[in-house]
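Keep in mind that this is a model prediction, so the values were computed, not measured. Letters A, B, ... mirror the listed sequences (proteins, then strands); counts begin at 1.
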Protein chains: 2
Amino acid sequence: MPLRAIKPQHETRTRILDAAEELFMQHGFEGTSMRALTTRAGVNLAAVNYHFGSKDALIEAVFRRRLDPMNAERISALEELERPEPEAIIRAFLRPSLRMIEDAKSGERNFIRLLGRTYTEPTKGIRALIGQMYAPAMERYKNALERALPQMPRDELVWRMHFMFGTLAYTLAATDTVQLIAGCKPEDRYDARLLEDRLTAFLAAGLHAPLTSSIKKAA
Amino acid sequence: MPLRAIKPQHETRTRILDAAEELFMQHGFEGTSMRALTTRAGVNLAAVNYHFGSKDALIEAVFRRRLDPMNAERISALEELERPEPEAIIRAFLRPSLRMIEDAKSGERNFIRLLGRTYTEPTKGIRALIGQMYAPAMERYKNALERALPQMPRDELVWRMHFMFGTLAYTLAATDTVQLIAGCKPEDRYDARLLEDRLTAFLAAGLHAPLTSSIKKAA
DNA sequence: GTCTATAGTCAGATAGAC
DNA sequence: GTCTATCTGACTATAGAC
């Protein structure tokens, strides 16, 4: 049997998802037309509506394809930790997303940047969707950090998790053209291991920051 | 002379800018039509083109109105520091933007959320514009932190500034509907002073985080 | 400076042949 | 499943009266 006979079951779907990932990342959801998208994918204009039903449903599919496995990986990485200390928990959370920036060949790098941008997406529906997909992993990580840091007021922990999440989101979304602070070594940007070390050092220190009197008072 | 005779010089301009701030925040740039915008502002459809020339020029004006004064404030706050230690530098940077979230009456709160979102905006022109407006303040803060932390490798400092910036951006952009981590006290969200304390504690600790061997090796 | 009316373009979606 | 052709609506921008 010739190899060519094994044709991907949904090649057109995949081509559309890959093109959508790239163009949504570059131009945003509203800025990407169905025409541009189907042209890039090399498929017919009507294919998106045939396979996904609508542009909105395509957006949802783009996130589901990668986000559900990524969060499943986060959950299993957390469960496999023998000694769930804060630093290890942070690394377990960071790794699945950082690994994607190294993969320039498949669209994972596109996706991870798109994701970083979408945390602050204006459209309500998309935010709700993302929140829903993250919820199970978030709940477990929150519980794990509460156990690892029993002395931390719960409100303050939630804020610090927000801060950690923001740092990751921004780091993932940043592109070569966003250089608010000049002087970044471009080659370090795609070194997931080094970035993980940098982020972990920064975030673990922030998580352990001493509680000032105003913070204690608010708790 | 009746008070009503004192009419703001460019009332229409201001109404447009306020409406743009709000709608851009809610629906993004592409998602906000001139029709929706002028209707909300209570002005004629043609007014945007008359006063600003185009939709793009309006977007630029929205940012210039608040960002230029905000960064000027950052620069003067930095220059007024007697002992420029890291924590004081961080506070000087955070304060002008956090103060805006308390002001629910004028559009400043809208603006600051819009700004948080725009750091990761896909459109190249807008990113370049924002970068340009930030450049003078960024350069000075970078220099101040380099002097305050002489033992820190320059590359690592630049990364940590990126992380700090991301944390701030995400915190500003987050709305009531974005609740990736459940359990945030809503009333704390608009307390700028408490938020400044929380952010400063977290960021200062991150900035001082010990350098791991992999980070030292990369420097 | 403000308005109406409209030009000119492009969007997302679909009907129906193959 | 894939295609062409096309519908309907919305968009930005502008011309020209007041």
Side-chain angles (χ1 to χ4, degrees), chain A residues 4-63 65 114 118 121-126 129, chain B residues 4-63 65 114 118 121-126 129:
Chain A
R4 311 244 340 229
I6 303 170
K7 189 189 169 183
Q9 206 171 0
H10 294 298
E11 203 196 353
T12 302
R13 274 185 69 97
T14 305
R15 294 169 66 84
I16 291 172
L17 287 170
D18 289 342
E21 224 163 44
E22 185 176 351
L23 293 181
F24 287 160
M25 189 269 283
Q26 285 171 5
H27 307 113
F29 303 114
E30 302 257 8
T32 302
S33 72
M34 302 276 264
R35 282 171 175 81
L37 204 156
T38 48
T39 301
R40 166 63 63 101
V43 303
N44 186 266
L45 170 60
V48 170
N49 275 281
Y50 178 79
H51 285 281
F52 298 93
S54 70
K55 189 181 180 181
D56 280 350
L58 168 63
I59 294 173
E60 175 165 347
V62 164
F63 285 103
R65 174 169 69 150
L114 172 63
T118 310
E121 159 71 29
T123 312
K124 215 170 187 168
I126 298 174
L129 181 73
Chain B
R4 311 239 345 226
I6 304 169
K7 188 187 168 181
Q9 208 172 357
H10 294 296
E11 203 196 351
T12 301
R13 273 185 70 97
T14 305
R15 292 167 66 86
I16 291 172
L17 287 170
D18 290 343
E21 224 162 47
E22 184 177 350
L23 294 182
F24 286 161
M25 189 269 284
Q26 286 171 7
H27 307 112
F29 302 114
E30 303 256 9
T32 301
S33 71
M34 302 278 263
R35 280 173 171 80
L37 203 157
T38 49
T39 302
R40 165 64 62 103
V43 303
N44 185 267
L45 170 62
V48 170
N49 275 280
Y50 179 80
H51 286 281
F52 299 94
S54 70
K55 190 180 179 181
D56 280 351
L58 169 63
I59 293 173
E60 174 165 349
V62 164
F63 285 103
R65 174 167 69 149
L114 173 63
T118 310
E121 159 72 29
T123 312
K124 217 168 186 169
I126 298 175
L129 181 73

Sequence neighbours excluded, which residues qualify as side-chain contact (heavy atoms from CB on, under 4.5 Å) partners of B:D18?
B:T14, B:E21, B:R65, B:R66
What bend angle does the helix from C:dG1-D:dC18 to C:dC18-D:dG1 show across its length, from five-pair end axes and to the nearest 10 degrees?
0°
Whole-Å distance, B:L23 CG to D:dC11 P, equals 12 Å
Distance in angstrom units between A:I16 CD1 and C:dG12 P, rounded:
13 Å
Tell me whether the OP1 or OP2 atom of C:dT2 has a side-chain N or O from B:T12 closer than 4.0 Å.
yes
Calculate, to the nearest 0.5 Å, the distance between atoms OG1 and CD belonging to A:T123 and A:E30 respectively.
6.0 Å
May I ask you to say what A:T38 touches in the nucleic acid, namely base, sugar-phosphate or nothing, with a heavy-atom cut-off under 4.0 Å?
nothing
C:dA11, OP1 or OP2 - any side-chain N/O from A:S33 closer than 4.0 Å?
yes
Gap between atom CG of B:N44 and atom CE of B:M34 - 0.5 Å precision
11.0 Å
Which letters describe nucleotides 13-18 of chain C, given B = protein heavy atom under 4.0 Å from base, S = only from sugar-phosphate, - = neither?
BB----
For B:F52 and D:dT14, give me the distance from atom CZ to atom P, rounded to whole Å.
16 Å
For A:T12, side-chain contact (heavy atoms from CB on, under 4.5 Å) partners two or more places apart:
A:I16, A:V43, A:A47, A:H51
Counting C-beta onward and ignoring hydrogens, is there a side-chain heavy-atom pair between B:T118 and B:F24 closer than 4.5 Å?
no
Donor-acceptor list for residues 55-62 of chain A side chains, cut-off 3.5 Å, not counting sequence neighbours:
from, atom 1, to, atom 2, distance (Å)
A:K55, NZ, A:F29, O, 2.9
A:K55, NZ, A:T32, O, 2.6
A:E60, OE2, A:R64, NE, 3.2

Residues that B:E22 engages under side-chain contact (heavy atoms from CB on, under 4.5 Å), provided they are two or more places apart
B:Q26, B:R40, B:N110
